[in-house]
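Chain letters run A, B, ... following the sequence lines, proteins first, then strands; residues in each count from 1.
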2 protein chains.
Amino acid sequence: MTTKPFAALVDWGTSNLRLWLTDSQGGVLAERQSAEGMGNLDRSAYPAILEGHLSALGAESDLPAVIAGMAGARTGWREAPYVETPAPLIGLFQHAVIPDGVTRPVYILPGVCQRENGRYDVMRGEETQLAGALEQGLDNALFCLPGTHSKWAMVEDGHIRRFSTVMTGELFHLISRQSILRLSVPEDADAEADPDIFNAAVDAALAPNFALTSTLFSIRAESLLSQGTKINAAARLSGLLIGAEIAAIQSDLRRYGKAYLIGTGKLTRLYARAIARAGGEAVMLDGGLLVRRGLLASAFSLFDHEFKE
Amino acid sequence: MTTKPFAALVDWGTSNLRLWLTDSQGGVLAERQSAEGMGNLDRSAYPAILEGHLSALGAESDLPAVIAGMAGARTGWREAPYVETPAPLIGLFQHAVIPDGVTRPVYILPGVCQRENGRYDVMRGEETQLAGALEQGLDNALFCLPGTHSKWAMVEDGHIRRFSTVMTGELFHLISRQSILRLSVPEDADAEADPDIFNAAVDAALAPNFALTSTLFSIRAESLLSQGTKINAAARLSGLLIGAEIAAIQSDLRRYGKAYLIGTGKLTRLYARAIARAGGEAVMLDGGLLVRRGLLASAFSLFDHEFKE
């Protein structure tokens with residue numbers, strides 16, 4: 001590296017770790033990725049893993065590292081307690097914690113929790129992506145982060161005002177692989193391959209009085225009753241589940257007009273299509289870029305302040 | 001047995017077989033039960049299993065047997081094709097089929113299917129319970145049969161007019177044992193142990209704009225955020241799922257005023273409570289008695305007619 005790195009920025013999730021050395025503008029100088037996620041790590045393993053990646057990139061021993069994600073969970077490296085909604089995206093750094101077992105400066109950013117009106121919810125990592133979106137001027141917007149557990153977040157005046165986790169991805173997996181519907185959804189089924197079926201299922205889910213659990217079995221019954229014709233059951237199931245998710249935030253979507261979709265790939269494209277069916281506009285944002293921006297913003301604040309736990 | 005049996009009546013489902021020898025009034029003279037369900041049987045195994053149970057009860061070799069349930073599925077003993085809605089409960093016997101490999105008279109009753117308006121659905125076995133309810137005068141009524149896949153059926157003038165299968169039991173099992181919520185729902189959790197939590201969850205599901213998949217994760221988040229207090233997550237999950245099921249038929253429930261619940265035990269009691277929260281009256285019926293009545297009615301019709309395939 002010819003440019004001296006400003007910081008190591010780390011997105012340390014349940015399944016994966018992504019680490020970047022960047023300059024002070026956020027330009028990526030070097031990066032690493034691995035499957036050493038929180039889900040398969042002992043607490044004691046974190047320092048050596050971090051140092052291993054940093055030394056593989058030739059980082060100096062005093063380069064600071066800023067970490068977001070599940071590494072800050074109670075079952076992660078060191079718990080960084082949740083900041084409660086309404087959570088100021090610009091102030092997350094104030095709640096960072098410093099883990100043991102490392103000599104370099106390391107900061108773990110907090111997650112965000114919601115208790116208001118009994119709508120309990122938690123996030124860890126997504127708040128840093130939202131902080132990155134704030135850096136590019138999105139201080140009042142509706143965000144959707146598709147995934148195993150997708151998140152919807154309403155950002156108002158730079159605060160996470162309200163958010164909601166939806167288990168759509170996990171339910172799709174369980175229902176298509178393990179319920180009676182597994183007999184109708186082939187393992188290699190492609191939910192994107194049949195837009196008409198997907199769209200019709202989204203529309204059904206957006207209609208008044210739609211009842212998801214009372215509709216699922218019809219997928220199995222249809223394949224039993226139409227032996228000859230193959231239906232794309234994966235497209236239908238995916239459309240019903242994603243449609244039900246979007247139906248639940250339809251009034252917010254109407255108010256904002258658009259939703260910023262943080263993600264890439266097939267799942268994000270399906271969400272974009274479903275948002276369009278609901279009359280909204282979907283704007284794609286790159287999650288990797290956003291998390292680096294959010295981490296970098298926290299890094300600046302942390303290095304400017306005398307940080308005390 | 002001092003009284004000579006009139007017929008062998010068999011409820012042959014996916015997981016279990018129940019067999020009764022009855023007199024012509026339906027009085028039970030002898031019975032057998034086993035786990036030899038369709039789900040774990042080869043087609044060729046059926047004749048010997050039936051004969052084994054009948055000879056264990058000392059039934060004569062010409063005693064006719066009438067069978068309802070999954071034994072008539074495509075993957076059962078011999079397929080008895082579905083009768084389509086509106087399906088006359090009194091005429092099911094006309095669609096019975098005679099399997100191979102037995103010398104005594106054996107009749108397998110058909111299931112019922114629905115294709116109307118794309119509301120695909122199928123049942124096998126429940127229609128015979130409904131035929132039994134017809135025998136006791138219930139020719140216009142709303143029925144609910146709780147189970148792994150619960151069924152709701154609207155019977156009008158002795159016909160199954162419309163029905164719906166809801167995967168509530170299977171979803172409860174998958175979500176509580178295999179999703180992220182497994183971390184919050186203890187394996188020995190008793191959904192009936194906390195009526196207040198269950199009722200509140202049912203009420204939430206019955207409220208306008210309820211969105212099941214956007215609510216489930218709050219169960220996990222609440223247990224993360226309230227370390228000290230234990231909540232009965234099984235009661236909440238069960239209330240949300242059963243409530244969502246009842247919300248979907250709420251307009252029918254209002255119209256009929258009451259629902260006849262066919263079943264016994266804890267699950268049926270939870271359904272009765274949820275039906276009451278929705279403003280309906282739940283009347284319990286004994287499923288074993290109903291299936292015998294339905295089988296017996298078919299037996300009379302079959303023996304009266306010269307049966308031809």
Side-chain angles (χ1 to χ4, degrees), chain A residues 14 73-74 82 84 111 113-115 118-123 148-152 164-168 170-171 173-175 177-181 200 204-205 208-227 231 240-242 244-251, chain B residues 14 73-74 82 84 113-115 118-123 148-152 164-168 170-171 173-175 177-181 183 200 204-205 208-227 231 240-242 244-251:
Chain A
T14 304
R74 200 177 302 156
Y82 295 111
E84 200 151 332
C113 74
Q114 173 176 273
R115 297 173 198 265
R119 300 169 70 140
Y120 296 99
D121 220 320
V122 292
M123 63 165 66
T148 304
H149 295 161
S150 66
K151 305 272 184 195
W152 288 84
S164 156
T165 302
V166 196
M167 292 165 54
T168 297
E170 184 165 29
L171 289 172
H173 183 80
L174 286 175
I175 293 169
R177 297 272 61 82
Q178 299 204 51
S179 83
I180 183 84
L181 298 195
N209 299 321
F210 172 70
L212 178 70
T213 59
S214 303
T215 307
L216 292 175
F217 187 76
S218 70
I219 293 173
R220 175 67 189 141
E222 181 168 7
S223 70
L224 281 173
L225 295 176
S226 52
Q227 298 173 247
I231 61 156
L240 291 176
L241 284 167
I242 294 176
E245 175 177 343
I246 289 171
I249 54 87
Q250 208 166 1
S251 63
Chain B
T14 304
R74 200 177 303 154
Y82 295 112
E84 200 151 331
C113 75
Q114 174 175 272
R115 297 173 198 265
R119 300 170 71 140
Y120 296 98
D121 219 320
V122 291
M123 63 165 67
T148 304
H149 296 162
S150 66
K151 304 273 183 195
W152 288 84
S164 158
T165 302
V166 197
M167 291 166 55
T168 297
E170 184 165 30
L171 290 171
H173 183 79
L174 285 175
I175 293 169
R177 297 273 60 84
Q178 299 204 51
S179 84
I180 183 84
L181 298 194
L183 304 173
N209 300 320
F210 172 71
L212 178 69
T213 59
S214 301
T215 306
L216 292 175
F217 187 76
S218 70
I219 293 174
R220 175 68 189 140
E222 180 169 7
S223 69
L224 282 173
L225 295 176
S226 52
Q227 297 174 247
I231 59 157
L240 292 175
L241 284 167
I242 294 176
E245 176 176 342
I246 289 170
I249 55 85
Q250 208 166 3
S251 63

Portion of B/Arg220 that has a non-hydrogen atom of chain A nearer than 4.5 angstrom: neither
Chain B contact via A/Glu222 - side chain, backbone, both or neither, heavy atoms under 4.5 Å: both
Shortest non-hydrogen contact from A/Lys151 toward B/Phe217: NZ-CE2, 4.4 Å
Chain A contact via B/Gln178 - which portion, at a heavy-atom distance below 4.5 Å: both
Chain B contacts, top residue of A/Ser150, A/Ser251, A/Ala248, A/Ser179 (heavy-atom pairs, under 4.5 Å): A/Ser179
Value rounded to 0.5 Å, distance of OG in B/Ser226 from OH in A/Tyr120: 6.5 Å
Which atoms of A/Ser164 approach chain B - backbone, side chain, both or neither, heavy atom under 4.5 Å: side chain
Which of B/Cys113, B/Ser218, B/Ala211 touches chain A most, by non-hydrogen pairs under 4.5 Å: B/Ser218
Part of A/Leu174 lying under 4.5 Å from any heavy atom of chain B: both
Closest contact, heavy atoms only, A/Val122 versus B/Ala221: N-CB, 4.1 Å
Segment of A/Phe210 engaging chain B (4.5 angstrom heavy-atom cut-off): neither
Side chains of B/Thr148 and A/Ile180 in contact at under 4.5 Å (non-hydrogen atoms): no
Residue pair B/Ile175 / A/Leu171, side-chain heavy-atom distance below 4.5 Å: yes
Top contributor to chain B contacts, counting heavy-atom pairs under 4.5 Å, from A/Leu225, A/Ile219, A/Leu241, A/Asp121: A/Leu225
Closest-packed option against chain A by number of heavy-atom pairs under 4.5 Å, given B/His149, B/Gln250, B/Glu245: B/His149
Pick from A/Gln114, A/His173, A/Arg115 with the largest number of heavy-atom pairs that fall under 4.5 Å of chain B: A/Arg115
A/Leu224 backbone acceptor or donor facing B/Arg74 side chain under 3.5 Å: yes
